[in-house]
Amino acid sequence: MADFFEEYGTLLAENTGITLYMVFASTLIAYVIGIPMGIGLVVTAKDGLHPNRIVYRILDVTVNIIRSIPFLILLILIMPLTKVIVGKTYGPSATVVPLVMSAAPFIARMVESSLLEVDHGVIEAAQSMGANDRVIVFKVMMKEARTSLITGATIALATILGYSAMAGTVGGGGLGNVAIQYGYYRYQTPVMIATVVLLVAMVQIMQAAGMKLGKALDHRTSG
Amino acid sequence: MNGRQRMAPAKGDDGMMNGMGTETEKMTETEENVMIHIDHLGKVFETADNRVEALDDVTLDIMKGDIFGIIGMSGAGKSTLVRCLNFLEKPSAGDVIVEGRSLKSMTPAELRKQRTRMSMIFQSFNLLQQRTVLDNVCFPLEINKVPRKKAREKAMELLGEVGLSDKAGNYPSQLSGGQQQRVAIARALASDPVILLCDEATSALDPRTTGEILDLLKKINETHHITIVIITHAMSVVTEICNRVAIIDSGKVAETGEVLEVFNNPRTEAAIRLVMSSGDREVSRISGEHLIRAVFSENSSYEPVIANMVLRFGQPVNIMRADTRDIGGTAKGEMVLQLPGDEGVREQMKAYLIERGLAVNELSSMKELEERYDG
Ligand SMILES: Nc1ncnc2c1ncn2[C@@H]1O[C@H](COP(=O)(O)OP(=O)(O)OP(=O)(O)O)[C@@H](O)[C@H]1O
Ligand SMILES: [Mg+2]
């Protein structure tokens, strides 16, 4: 056991870092894109604050198309774009591009569904007080949907972590790459298992932390 | 003759004959006295396979200082009407003139500004669940960019007024329904409105809490000089605090006038049905021929009147139902009587009752009415 850590400890630690970098960087950027898209979907929907058929259709179709492309195919498909943005098509930073690309529409949908959960009566009450759309979106919808948004972010993180491991298998770096390189090509099953354990542990921690945070910030139930 | 005097119960001539068709109100309807002028308002909801005319040519004047009740059966269009009053719902036809200004011709920004002058409370309270009670009351002030410190002071003052100072730091989920509605009222008052619109504000509350909230609204009407519009399906709410009422039936104004007047002399079927329902109860099924409804006030004790009438005419009457209730501080009794088959005697009996200061309405249409509503 000690030997195993001596031999692979640094490798695993390094690649855990790389995986975390990819996951958090992509989640962050994906949210920067996904939140406005989600808000756009809610606001322009038929019974939204500003119904706009054309904008809604564009957002809706874009999200659906990207979401229906399997991640690995998307990764290969947008390599030219990745090259333009990052300068190369492999490595952790290059993986962030397809990760963002596939996560943003997914996040947009989750933001949309979180915001749609907000009680329509509360929105109407805000309107009756003379609130403008900006106040309603940011001070009413986003705040009332806070817990649901955090839960969504937890799911997004776990999903992106899974994608990043997949990307690792085709040169993305991180724990997925380690698993393929050692576990598959070199028959180092213990390394493979170690990466799996690490990935599972990361998902668990993120999940638990997210739920806890969401719950702590929720005032809908007393206590 | 103004409405209130005409309704004075002691006068023998008070009755359906005089009460009918008079649209002159107690206050002269000069423009300064009108707070909300609802002008030929119409609203049509069009869905893919359906078309609902929720409001049809509704014209009403709500005076400054009124506690104006709008009552109707479920689906009559009450919520649609009240939501049109601040243009949360855009009417399909007509306009709403508030304090002399047409809402239809306002820009969105002007409309938002106008809405701060006409607050609204709801059946489901609609508090922000993720904000404390204090921050809920601060919210309209935040919208109006009132500095935080000043907003908090004002909010605390209003919470004191609704009796919830000690709940400032709580979240809505920690409060009872009645307390939540009080918070909603405090929040509604924060922007110093001139109008308060209430859509079934007490429908989710028990009778006692309803009474407390109604008392609070009455107090607000007096101390803040706020005109209140109350939407309800319960006649008891109207009789308890409203001075004027409009009865909405299938999107139309069936009847409007002073509460006492409408209660004494309902002229339309919709009005009769609503007037006879008490509280949340629908009017119980009373069927039969030759029914009348007699309304009397506290000083005419009714038992001798009926007993004497029976003795005098030597014909039995059937008391189908008797009830008393408080209307604007006056105890009112209400009876449904079945009169004998002889038409001559019936007419004499009615005259006898009217002579003794009771308001008498024919309920001959009641049976058809039941069928129509139940069918
Ligand atoms: N957004 C809408 N789309 C289609 N039809 C609607 C809409 N809102 C209301 N209606 C219809 O308009 C009519 C009046 O509805 P409204 O909600 O105003 O009734 P109400 O008098 O408030 O009833 P209740 O006492 O049940 O609340 C109903 O037939 C209802 O189905
Ligand atoms: Mg309603």
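Within every chain, numbering begins at 1; the chains are lettered A, B, ... in the order of the sequence lines, protein sequences first and strands thereafter.
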field: Greater than 12 external heavy atoms within 6.0 Å of B/Lys90's NZ
entry: yes

query: To the nearest 0.5 Å, how far apart are OG in A/Ser128 and CG in B/Leu85?
result: 12.0 Å

task: Would you indicate whether the side-chain heavy atoms of B/Leu128 and A/Val122 approach each other to under 4.5 Å?
output: yes

task: Any chance you could measure A/Arg220, atom CZ, to B/Gln130, atom CD, to the nearest 0.5 Å?
output: 6.0 Å

task: Side chain from CB out, backbone as N, CA, C, O: work out which of these in B/Glu142 comes under 4.5 Å of a heavy atom of chain A, or both, or neither.
output: side chain

query: In Å and rounded to the nearest 0.5 Å, what is the CD to CD1 distance from A/Gln127 to B/Ile143?
result: 10.5 Å

task: Tell me, out of B/Ala109, B/Pro172, B/Ala184, B/Pro140, who's got the most heavy-atom pairs with chain A below 4.5 Å.
output: B/Pro140

Check: A/Glu124/B/Asn126 side-chain N/O donor and acceptor closer than 3.5 Å: no

query: Less than 4.5 Å apart, any side-chain heavy atom of B/Phe139 and any of A/Lys139?
result: yes

query: Which answer fits B/Ile121, side chain, backbone, both or neither, if we ask what part of it has an atom under 4.5 Å from a heavy atom of chain A?
result: neither

message: Does any part of the side chain of A/Met129, heavy atoms only, come nearer than 4.5 Å to the side chain of B/Arg115, both counted from C-beta?
response: no

message: Heavy-atom pairs under 4.5 Å with chain B - which of A/Ile123, A/Asn132, A/Thr147 has more of them than the others?
response: A/Asn132

field: Leading residue by heavy atom contact count with chain A [cutoff under 4.5 Å; candidates B/Arg187, B/Met118, B/Gln114]
entry: B/Arg187

message: If I take atom CZ from residue B/Phe125 and atom CG from residue A/Asp119, how far apart are they, to the nearest 0.5 angstrom?
response: 12.0 Å

